[in-house]
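Below is one structure; the comments refer to it alone.
Positions are given from 1 along the sequence.
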Amino acid sequence: MNGIQHERIQVNGIELSVHITGPEHGQPIWLLHGFPECWHSWREQIPALAAAGYRVFAPEMRGYGESSSPAEVADYALLTLCADIQQAMDHFSHQQVVMVGHDWGAVVAWHLALLEPARVNRLITMSVPFAGRARRPVIDIMRELYADRFNYILYFQAPGVAEQELNADIERTLRLFMQDQDVFLQKKPANATLLEGVSAPGTLPAWCAQADLDVYVQTFAEQGFRGPLNWYRNFERNWQRTEFLAGRQVLQPTLFLIGDRDPVGVFEAHTLKRMPDSVPNLQTQVLANCGHWVQNEQAQRVNALMLAFLART
């Protein structure tokens, strides 16, 4: 995309790759991508937000692309991921920002809203809801619920296992993730692998041209999926280290977007129902005929909802 600066900054013991555009004195807006994505997943939002006067910051999150990919699982704990962005905001002298996140980026965005109530003044999250700190680690609950059937998050837990499968053919893996059929919440035995039983990838969806997929492939080409998968291996550590946030509400004006066909909506149905108790200043919008890749699948609708929310708040 034209007019985008690329900077590598030293924060929190790593190098963070950040793509930046928009008026130099516009209000900063941070766009945090999820798994298995990259900064380019915001390709439709970046020019729209810049045209509306915002200074846009789209990082490659820790473990992705040209950002550092530390070796240890503990290096991907949630508060560490949040600190990457907090220190990046310090680096750019940001006093007031809008925080936007999709998927795992939404998890980071929710917690940045809790950690930085003065600096994060508005919040837009997509796909992954928030209803406060669980009473026990979510991974323990998953092990009970999925003792005899496949669950992709449980499959991701053992270091090296999922990496071997996903890294074997990165373009094929990403094509499978981007297609319409649900790869992540399949019904199969507990000892299955993620891509086992999944049909061969067909044509790319309308929202993902080959040139776009090429950017995703390049993101994973050098470092593979190890860093991104390590995000999933910290549920217990995250639960232990966020005890000080228990009971806190997200008080910022918040827009939450989710597709009506997003499997996360099924997986997190209980959280969705409880969310207004933890996010009192919440506007939720369910997008019809939309899956998980919400900002790509319905880019113009998402842009209109984001800009209307920002103008109103």
Side-chain angles (χ1 to χ4, degrees), residues 12 28-35 37 41-42 45 57-59 61-62 76-89 94 96-139 141 153 228 231-232 234-259 262 264-265 267-286 292 294-295 302 305-306 309-310 313:
N12 200 25
I29 185 165
W30 283 81
L31 307 177
L32 311 183
H33 69 79
F35 174 90
E37 298 181 89
S41 63
W42 300 107
Q45 286 68 51
F57 294 78
M61 303 296 276
R62 174 183 291 240
Y76 298 84
L78 178 57
L79 293 181
T80 302
L81 302 169
C82 288
D84 292 347
I85 306 303
Q86 289 173 286
Q87 292 187 26
M89 290 192 290
H94 289 171
Q96 294 267 290
V97 309
V98 179
M99 195 62 62
V100 182
H102 172 252
D103 187 78
W104 264 111
V107 179
V108 176
W110 285 118
H111 286 82
L112 285 169
L114 293 174
L115 294 165
E116 297 272 5
R119 189 153 52 164
V120 176
N121 66 4
R122 287 172 290 175
L123 184 66
I124 301 174
T125 55
M126 304 178 192
S127 294
V128 177
F130 174 79
R133 182 175 179 267
R135 292 176 182 169
R136 58 192 178 114
V138 174
I139 198 70
I141 299 169
I153 291 175
W231 287 50
Y232 287 90
N234 280 280
F235 281 102
E236 187 167 352
R237 184 177 286 108
N238 294 343
W239 186 81
Q240 292 168 346
R241 293 185 179 178
T242 56
E243 185 176 3
F244 71 100
L245 296 175
R248 286 201 201 173
Q249 292 180 312
V250 172
L251 298 176
Q252 294 93 331
T254 301
L255 173 65
F256 178 71
L257 305 178
I258 190 167
D262 190 335
V264 177
F267 198 61
E268 295 277 14
H270 184 61
T271 305
L272 281 165
K273 288 179 182 176
R274 294 173 50 232
M275 185 160 57
D277 294 333
S278 296
V279 192
N281 199 356
L282 174 69
Q283 175 190 335
T284 296
Q285 186 76 43
V286 179
H292 181 66
V294 54
Q295 75 269 37
V302 167
L305 289 167
M306 289 177 67
F309 168 77
L310 293 171
T313 57

side-chain contact (heavy atoms from CB on, under 4.5 Å) with Leu32: which of Asp103, Leu81, Leu112?
Leu112
Among Val107, Leu114, Thr254, Thr125, whose side-chain contact (heavy atoms from CB on, under 4.5 Å) with Phe130 holds?
Leu114
Donor-acceptor contact present, side-chain [X] to main-chain [Y], <3.5 Å:
| X | Y | answer |
| --- | --- | --- |
| Arg133 | Gly247 | no |
| Asn12 | Thr80 | yes |
| Trp231 | Arg62 | yes |
| Trp30 | Ala109 | no |
| Gln295 | Gln45 | no |
| His292 | Ser127 | no |

Taking every non-hydrogen atom, the tightest pair across [X] and [Y]:
| X | Y | answer |
| --- | --- | --- |
| Met126 | Ala106 | O-CB, 3.7 Å |
| Ala134 | Val138 | CB-CG2, 4.3 Å |
| Met89 | Met99 | SD-CE, 3.9 Å |
| Arg135 | Trp239 | O-CZ2, 3.1 Å |
| Ile85 | Pro59 | CD1-CG, 4.1 Å |
| Cys82 | Val108 | SG-O, 3.9 Å |

Would you say [X] and [Y] make side-chain contact, with heavy atoms under 4.5 Å?
| X | Y | value |
| --- | --- | --- |
| Ile29 | Val97 | no |
| Ile153 | Ile139 | yes |
| His102 | Val294 | yes |
| Leu282 | Val250 | no |
| Val120 | Leu115 | no |
| Ile124 | Phe309 | yes |

Distance in Å, [X] [atom1] paired with [Y] [atom2], rounded so as to fall on 0.5 Å steps:
| X | Y | atom1 | atom2 | result |
| --- | --- | --- | --- | --- |
| Trp110 | Leu78 | CH2 | CG | 13.5 Å |
| Ile258 | Thr284 | CD1 | OG1 | 9.0 Å |
| Asn281 | Thr313 | CG | OG1 | 8.5 Å |
| Met306 | Leu257 | CE | CG | 8.0 Å |
| Gln283 | Leu305 | CD | CG | 7.5 Å |
| Arg122 | Leu310 | CZ | CG | 5.0 Å |

Between Glu116, His94, Arg119, which is the residue that forms a side-chain hydrogen bond (donor to acceptor under 3.5 Å, both in side chains) with Gln86?
Glu116
Check side-chain contact (heavy atoms from CB on, under 4.5 Å) between Pro280 and all other residues, then give those that pass, not counting sequence neighbours.
Gln249, Leu251
Option from Tyr232, Trp104, Tyr76 for which ring-ring contact (aromatic ring centres under 6.0 Å, His included) with Phe35 holds
Tyr232
Going by atom type alone, with no hydrogens or angles, which donor-acceptor pairs under 3.5 Å involve a side-chain atom of residues 268-275 and a protein atom two or more places apart or on another chain?
{"residue": "Glu268", "atom": "OE1", "partner": "Thr271", "partner atom": "OG1", "Å": "2.7"}
{"residue": "Arg274", "atom": "NH2", "partner": "Ala131", "partner atom": "O", "Å": "3.1"}

